[in-house]
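These notes concern the structure reproduced below.
Count residues from 1 along the sequence. Counting convention: from 1, in listed order, for ligands and their atoms alike.
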Amino acid sequence: MKEAVLEILRHHRGTFISGQELSERLGITRTAVWKHIKTLQQEGYRIEAQPRRGYCLQEVPDFLYPEELRAGLSTSCIGRNIVHYHEVGSTNTVAKQLAERGEREGTVVIAEKQTEGRGRLGRRWESPYGKGIWLSIILRPRVATDAAPSITLLAAVAVAKAIKNFCGLEALIKWPNDILVRGKKVCGILTEMKADMDVVEYVVVGIGLNANLEVQDFPEEIRDKATSLRILLNKKISRVNLVRKLFGEFESLYNLFREHGFSPIRSMWKEMNTTLGQQVQVNTLTSVYSGLAVDITEDGGLVVETKEGTKVFYGGEVSLRKHLN
Ligand code: ADP
């Protein structure tokens with residue numbers, strides 16, 4: 001009902017609508033209307049209330065509220081159900097808990113701040129309040145576990161496309177999970193999965209996108225390798241609009257994946273990557289390999305020509321040799 005009140009106010013944005021009219025249109029009492037208005041004001045909506053004239057929505061808060069994201073959202077699955085936190089440990093952790101309890105595909109957990117945002121291998125992901133896009137998407141693809149790495153690549157293509165189409169910046173993908181603009185990381189992706197035998201039960205795709213962070217929001221030690229859309233564009237962007245765009249791109253690619261498998265996504269990935277054709281060094285947990293990155297496989301593995309022969313990697317740390325030293 002709160003969302004319905006907001007919907008009408010949004011429709012009349014900048015003009016007054018009386019409490020009487022709201023209560024009649026929604027079939028609730030004027031006191032109930034007033035209570036919803038109070039809640040909205042507490043959430044940061046600037047709503048002017050005047051005795052006789054009624055209510056007027058003047059400003060919406062810069063938060064990734066479900067009501068904001070859903071207004072004007074074109075998807076039918078991704079982001080239709082959103083759980084929002086001002087502060088959370090890690091959105092991936094919450095999303096996994098929800099998935100365990102049977103939460104449906106397309107559900108998104110989103111937070112203004114993560115206190116324990118994670119990268120791969122338990123590394124810390126900086127997620128300051130109100131500045132970034134820290135979200136996790138629950139998926140239930142009906143695929144075998146070996147198709148799971150391709151979901152990370154799918155997510156990377158979705159983010160790169162959203163950045164390109166929304167900001168006009170050239171976003172490139174560094175295998176497997178980083179999005180770079182002008183050689184610096186603007187986004188990281190962390191995919192986690194649960195499988196039953198060889199079949200995927202759910203996948204949680206965590207996306208950490210540096211939208212409106214400023215230089216001082218990054219710890220000093222990562223300032224030379226991390227950046228944000230705000231820094232790149234020299235202006236603040238609308239996180240709400242970008243997230244809607246991201247959901248749209250993600251859903252199109254996910255539908256394509258379900259219908260035709262990874263192959264069409266693989267072609268797009270190859271068009272947007274910065275890893276193939278480069279001398280790379282791959283650090284697995286047990287060894288370090290050097291060689292030329294030549295391709296990705298039909299299931300998202302990185303093919304590298306090393307001195308020991310051709311090797312395929314599904315994880316591990318990749319450094320582009322030209323960025324070394
Ligand atoms: P990679 O795949 O590049 O090895 P991860 O995906 O594991 O890295 O992400 C964690 C690393 O990313 C951290 O160790 C840190 O160097 C860097 N990092 C942490 N927070 C951010 C951020 N908000 N933006 C860009 N890079 C970050």
- Task: In sequence, state the C-alpha distance, the side-chain angles, and the governing distance for Ser76 and Glu251, and then conclude on side-chain hydrogen bond (donor to acceptor under 3.5 Å, both in side chains).
- Result: CA-CA 8 Å; Ser76 58; Glu251 185 163 292; 3.3 Å; yes

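- Within a 6.0 Å radius of CH2 in Trp34, other residues, nucleotides and ligands contribute 12 heavy atoms or fewer.
- If you look at Arg124 next to ligand 1, the close heavy atoms, those under 4.0 Å, all belong to the backbone.
- Which of Gln114, Arg223, Arg120, Lys174 comes nearest to atom 5 (P) of ligand 1 through a heavy atom is settled by distance: it is Arg120.
- Shown in contact with Ile222 at under 4.0 Å from a heavy atom are these atoms of ligand 1, numbered in order with element: 15 (C), 16 (O), 18 (N), 19 (C), 20 (N), 21 (C), 27 (C).
- A donor-acceptor contact closer than 3.5 angstrom links the side chains of Glu100 and Tyr202.
- In this structure, His12 has its ring center at least 6.0 angstrom away from the ring center of Tyr55.
- If you number the atoms of ligand 1 from 1 as listed, the ones under 4.0 Å from a heavy atom of Gly119 come out as 7 (O), 9 (O).
- The distance criterion of under 3.5 Å between nitrogen or oxygen atoms is met by Asn177 with respect to ligand 1.
- The aromatic rings of Tyr289 and Phe313 sit tilted, their planes meeting at an angle between 30° and 60°.
- Contacts between Val186 and ligand 1, counted as non-hydrogen atom pairs separated by less than 4.0 Å, are absent for every part of the residue.
- The residue from Lys185, Arg118, Lys131, Arg123 that puts a heavy atom closest to atom 12 (O) of ligand 1 is Lys185.
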